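Data block below; observations after.
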Amino acid sequence: MTATTPEANDDGARVPRAMPATYEPADVEERIYREWEQAGHFRPSGGERPFTIVMPPPNLTGELHMGHALTVAVEDILVRWHRMRGDDTLWLPGVDHAAIAVNTLVERELAAEGLSRHDLGRERFLERVWEFVNRSRSRISVQHRRLGASADWERERFTMDEGPRRAVRQTFVTLYRDGLIYRGERIINWCPDCQTALSDLEVEHADEAGSFWHIRYPLADDAGAATDEHLVIATTRPETIPADTAVAVNPEDPRYAHLIGRSVVVPAGGRLVPIVGDEAVSLEAGSGALKVTPGHDPVDFEIGERHGLPVLSILTPDGHLNEEAGEYAGLERFAARDRVVADLQARNLLERIEPYTHAVGHCQRSGTIVEPIVSEQWFMRVAPLARPALDAVHEGRIRFVPPRFTRTYEHWMENIRDWTISRQIWWGHRIPVWYCDDCDAVTVAVEDPNRCGGCGGAAIRQDEDTLDTWFSSALWPHSTLGWPDPDAPDLPRFYPTQVMETGYDIIFFWVARMVMLSLYNMRGEVPFDTVYLHGLVRAEDGTKMSKSHGNVVDPLSVIDRYGTDALRYTVVASSSPGNDQRISDQRLEAGRNLANKLWNASRYVLSMVEDGDELALPAPPAGADPALPVEDRWILSRCERLVETADELLGKLELAEALRQLRDFFWEEFADWYIELAKVRLREGDRTPLPVLVHVLDRLLRLFHPFMPFVTEEIWQRLVERRPDPEAAPMLIVARYPEPDPAASWHDAAAERELAAAQDFVRAIRNIRAEKHVEAGRWVAAYVVGAEALETARALAPAIEQLARVRPLHVVATADEAPSDGVVTTVLPVGRVVLPLGGLVDAEAERARLGAQIERLAGEIARLEGKLANEQFRTRAPAEVVAKEEERLATARQQRAGFEGSLAELG
RNA sequence: GGGCGAUUAGCUCAGCUGGCGAGAGCGUCCGGUUUACACCCGGAAGGUCGGAGGUUCGAGUCCUCCAUCGCCCACCA
């Protein structure tokens, strides 16, 4: 609690800690974070409404990406906001095991030692992985702390821990029993580099320039010998020719229909295969005849099934051709392609080569070109799960922000295909299935069995494969809360969670699957009600950040340079949901500058406070207290409106807009105007602005805190040394967030109007000074002619003098009372300002200036007159719009008359 | 082949259900050691809101078409 206890000197008097002139995040952040953590403020407080966020798994590779930093920032903002509102907030940090990525990294480490995982064997390999993972995990939690994540670290969840592992197994078993998980031989995507099966989602298609080889397939005669006739077949993958088991043509195709039933000689390998007719063959594409390679092409696989064709597999797991490929056996797949082409050419079977650009599937992880191969894998039948997942969105039980992603989600769900869930890697949740050496039974169980569920024999072996990482990720919202433990206390309290925050690139991988499997496991209860999707964070040049481009901006180095608050500000203020943003030093500087400005404005306010100052703000009467100076009533009114705006925007998850509003109020109204106005009084020994300064500062710190937690906490703790929190909150993180006052007691429209008038006067004078190059240090006399704003101008005269650097300031009621010789005049809607600048004024120039103003106003008047003369406008536009235009017209006319008067006086 | 997004000041972007005399930050220009802050203060310049139609009293905002850029989905060889 040292932070809330001011240092005492020998007399026991309070000695406020010094505040350096520049805010230094590095001196503050780590200490503040420890204070929060030690005080236990990250744990649920037991408030009435639960608010839950489960932190998305960061990248276990140990690198922190900007996208994840944004996720953490947004979630932390929401968590802090809810916590300050008294909600029972639970934020569980978690790590998923990122199976393929980790596997690859560890294998790479091994390769550097000249080893492969097979040299180590499963057990020793997994030991290596755990070493790696533990290193990464500690790095990850440090990273999150530095981002300011106010999560309950003591309850960190890792999907490979016991609890989540039970959840994975339980889900697998239930799905299996419900017939939604099955094992089968299908054509799947295979990455020869990662040497595992991949789901469709993990394959990224990219257009690549390649070739279209047009190849002659000789027709065979009845005896099976090649004839001189041939069929031309086009392919982009000649290396698969040895696996051809048929040629297919469209039965409607007049060119080829008569050939159905005959055979061709496969030009590589020489096997004799039939010509079949199949509707799937396009009449337009290629040459119209298709080579059928069921072992290495998904379309062909289906054709093969329809015609009972044999399936030939000619690829080894690492992408070489196997003995089925005959003379090409042992060649790497692309070397084989070249060889096949060369052979065909030599035998005059290559008709032509056409340049061709087509989509090629790449492994998301390794970038290697994936191969479709036939393999025995585990699959999840997702169509039955998709139905309730669609309903949940249709019925509005889950809402997307921004809503346009609803369609993306629906489209995917409606066209969903079975999910390949088994992976041939070792790190991951092992498939809870055991096979028996003595019988055909498979045992599927949550607990490791010791005998076969079929024959009871002890000779059982567990399936070697592991599950797709996204399988366990899909359980995240409930598995982290303790499911399937029936006594898990968090589950009934904190499930469903409220907001799921993530990048839109991950809707299918994660969001959709969380919805499906959570609904399934949680008896139809949705995992979260809102999916908030942020855009991608791009590099300064607009390209995607990637290591190969070398344009990755590391959040930690940004924090080192600018501070966490600056990073959070930048990344949140410039992000609207679903839209990408670019990050640059310039933007980060803006964030740092704001933190510094907060620091300095606070420094000023706090430096003004002395022992014995009255800091309590009188409670507002039903209306704002007319006894208070107008600027006090103004800022209090504006501040109340800010609270209302922030409340509304945060409720709508419009974080960026809320932050902009906070910034604008703080900088432009509080710092630039109110503090400057207050200085005038304080210099004269009037202490009455202090309660207002302290009050507004206090509200601002609270409002800003979720966004910029460190600088606000550091300041606030110094603030409460001077004026304790009314609710005795020990730290800002658990102080009360400002909420709108239902009575709107501080609203004061009159004060807002009056102060706006004073601002107009000041700006007009400053404008004239700048335009006429009056030296900034020089004090000149000025006249303010105010009709309705007269009283305000009088009351604020000392402030206007100070802010506009005019002295003496004459506040007069009519223009006659101001001089007209050697003056510069500006007519405002609220009155006019007259600056007698004598020798500085060139009468000719002033005439021109006034003339230009008159002309500008004349244009506006004409426009408004035209609009108001339009009967259609008067009848169809809402009355208040018409009234507004009429008022504008009146004001413009009045202003013009004022300028014309000044012009006439000039002669 | 389908779908989505972007196009607003020199740059990066806000502008929610149509009322906008279109905003911000950075940059530019002019002027400032006013004892919180030069990571600052004051002032200014700068946009026919990608193009063409349409709906409307009124369009940056809604509709149609087009152009450019980007993304996602898709088994067409």
Side-chain angles (χ1 to χ4, degrees), chain A residues 19 21-23 187 200 205 212 233-237 248 280-282 284-293 297-302 356 358-359 361 372 404-405 407-408 411-412 415 504-505 507-508 535-536 540 542 544 562 566 573-576 578-587 589-608 649 652 654 656-657 660 663-664 671-672 675-676 679 683 762-763 766-771 773-777 802-805 860 863-864 867 870-878 880-882 884-885 888:
Chain A
M19 292 176 79
T22 303
Y23 173 64
I187 189 142
D200 294 342
H205 295 275
F212 214 13
I233 293 175
T235 180
T236 55
R237 292 157 66 213
V281 182
S282 157
E284 293 87 36
S287 61
L290 177 68
K291 70 189 210 57
V292 183
T293 320
D297 187 282
V299 180
D300 295 5
F301 184 78
E302 286 171 19
Y356 193 68
H358 62 132
R404 66 183 141 92
F405 287 104
R407 280 187 61 182
T408 313
H411 183 259
W412 188 75
N415 296 288
Y504 63 75
D505 53 338
I507 296 177
F508 307 135
L536 305 180
E540 196 162 352
K544 208 166 175 171
Y562 299 102
S574 49
S575 82
S576 58
N579 290 338
D580 295 353
Q581 60 165 317
R582 303 183 189 194
I583 196 156
S584 66
D585 280 357
Q586 280 182 356
R587 307 186 131 214
E589 274 169 27
R592 178 201 57 187
N593 295 353
L594 174 58
N596 194 240
K597 185 78 178 175
L598 275 168
W599 180 257
N600 270 297
S602 307
R603 189 159 76 100
Y604 171 75
V605 172
L606 297 183
S607 73
M608 286 294 116
L649 291 171
K652 291 196 289 184
E654 290 192 27
E657 185 55 26
R660 267 189 290 268
R663 196 209 97 100
D664 287 353
D672 286 352
I675 290 185
E676 294 306 319
K679 277 179 186 172
R683 270 192 211 118
V762 170
R763 286 198 195 100
R766 283 171 172 172
N767 189 314
I768 293 172
R769 293 182 59 120
E771 206 173 309
H773 300 288
V774 179
E775 296 111 83
Q802 196 66 36
L803 297 181
R805 302 192 70 70
E860 194 179 335
R863 195 179 57 79
L864 288 165
K867 197 170 186 180
N870 183 345
E871 235 355 87
Q872 299 278 8
F873 174 68
R874 302 199 78 102
T875 51
R876 303 213 182 178
E880 68 260 28
V881 172
V882 177
K884 209 162 122 194
E885 297 294 281
R888 273 183 198 161

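Small disclaimer: the values here were computed from a predicted structure and weren't measured. Order of the sequence lines fixes the chain letters, A, B, ..., with proteins taken first and strands second; residue numbering starts at 1 for each chain.
Counting any heavy atom pair closer than 4.0 Å across all strands shown, V281(A) reaches a base atom. When heavy atoms are screened at a 4.0 angstrom cut-off, R663(A) is found touching the sugar-phosphate backbone but no base atom. Contact annotation for S602(A): no contact, since no heavy-atom pair falls under 4.0 Å across all strands. Using a 4.0 Å heavy-atom distance criterion, R603(A) is classed as a sugar-phosphate-only contact. Using a 4.0 Å heavy-atom cutoff across all strands shown, S574(A) reaches no nucleic acid atom at all. Nucleic acid contact class of E676(A) (heavy atoms, under 4.0 Å, all strands): base. Across all strands, D672(A) comes closer than 4.0 Å only to sugar-phosphate atoms, never to a base (heavy-atom distances). Across all strands shown, A656(A) has no heavy atoms under 4.0 Å from either base or sugar-phosphate atoms. P372(A) comes within 4.0 angstrom of no nucleic acid atom, judged by non-hydrogen atoms across all strands. Contact annotation for F508(A): backbone-only contact, meaning every heavy-atom pair under 4.0 Å involves sugar-phosphate atoms and none involves a base. If you check every strand for non-hydrogen atoms under 4.0 Å, A877(A) touches a base. Among the atoms of the strands shown, only primed sugar atoms or phosphate atoms (P, OP1, OP2) are found under 4.0 Å from some heavy atom of N579(A).
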Self-check item: Structure string for RNA chain B in dot-bracket form, Watson-Crick and G-U at under 3.5 Å, | interchain
Solution: (((((((..((((.....[...)))).(((((.......))))).....(((((..]....))))))))))))....
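Put simply, CG on L536(A) is 13 Å from P on C13(B), counting in whole angstrom units. To the nearest angstrom, P of U56(B) lies 17 Å from NZ of K867(A). Distance CE (M608(A)) to P (A36(B)): 6 Å, rounded to an integer number of Å. The distance from atom CG of N870(A) to atom P of G19(B) is 18 Å, rounded to the nearest whole Å. If you take CD1 of I768(A) and C1' of G42(B), they are 14 Å apart, rounded to a whole angstrom. Nucleotide G43(B) holds its P atom 11 Å from the CG atom of L803(A), rounded to whole Å. Atom CD of E860(A) is separated from atom C1' of C20(B) by 13 Å (rounded to the nearest Å). Rounded to an integer number of Å, the gap from CG of D580(A) to P of C4(B) is 17 Å.
Close to C20(B), at under 4.0 Å from its OP1 or OP2, lies a side-chain N or O of K884(A). Of the side-chain N and O atoms in R660(A), none sit less than 4.0 angstrom from OP1 or OP2 of G15(B). Phosphate proximity of A36(B) to S607(A): absent, as no side-chain N or O sits under 4.0 Å from OP1 or OP2. For R587(A) and G25(B), the shortest distance from a side-chain N or O to OP1 or OP2 is not below 4.0 Å. For R582(A), a side-chain nitrogen or oxygen approaches OP1 or OP2 of C13(B) to under 4.0 Å. Contact annotation: N600(A) side-chain N/O to A38(B) OP1/OP2 distance is not under 4.0 Å. Side-chain nitrogen and oxygen atoms of K652(A) include none within less than 4.0 Å of the OP1 or OP2 phosphate oxygen of C16(B). Between R407(A) and G3(B) there is no side-chain N or O to OP1 or OP2 distance below 4.0 Å. Close to C40(B), at under 4.0 Å from its OP1 or OP2, lies a side-chain N or O of N593(A). The phosphate of A77(B) has OP1 or OP2 within less than 4.0 Å of a side-chain N or O from Y356(A). Within the 4.0 Å cut-off from OP1 or OP2 of C40(B), not a single side-chain nitrogen or oxygen of N596(A) is found.
Of the residues near RNA chain B, Y504(A) and S576(A), the one whose nearest nucleotide (by heavy atom distance) lies more toward the 5' end is S576(A). Each of H411(A) and L290(A) has a nearest nucleotide on RNA chain B; the 5'-most of these lies closest to H411(A).
Judged by atom type and distance alone, Q581(A) does not reach the base of A14(B) through any side-chain donor-acceptor pair under 3.5 Å. Residue-to-nucleotide contacts include no donor-acceptor pair under 3.5 Å from the side chain of K597(A) to the base of C39(B).
G70(B) sits 15 Å from C13(B) when the P atoms are compared, rounded to a whole Å. Annotation: G43(B) and U61(B) have their P atoms spaced 32 Å apart (nearest Å). Comparing C69(B) with C63(B), their P atoms sit 24 Å apart, to the nearest whole Å. C20(B) and A74(B) have their P atoms separated by 44 Å, given to the nearest Å. If you take atom C1' in G15(B) and the same atom in A59(B), they sit 14 Å apart, rounded to whole Å.
In this view, S602(A) satisfies the side-chain hydrogen bond (donor to acceptor under 3.5 Å, both in side chains) rule with no residue, not counting sequence neighbours.
Using a 30° and 60° split on the angle between ring planes, Y504(A) and F405(A) fall in the parallel class, below 30°.
Here the straight-line distance linking atom CG of L803(A) with atom NZ of K679(A) works out to 9.5 Å at 0.5 Å rounding.
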Can you name the atoms? Protein N/O to nucleotides 29-34 of chain B N/O, anything below 3.5 Å, with the distance.
none

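A salt bridge does not link E871(A) with R874(A): every distance from a Lys NZ or Arg NE/NH1/NH2 to an Asp or Glu carboxylate oxygen is 4.0 Å or more.
Two residues are said to be in side-chain contact when any heavy atoms from C-beta on lie closer than 4.5 Å; Y23(A) and L598(A) fail this criterion.
Around atom NE2 of H358(A), more than 12 heavy atoms belonging to other residues, nucleotides or ligands sit under 6.0 Å away.
Under a 3.5 Å cut-off, the side chain of R769(A) and the backbone N or O of R805(A) do form a donor-acceptor pair.
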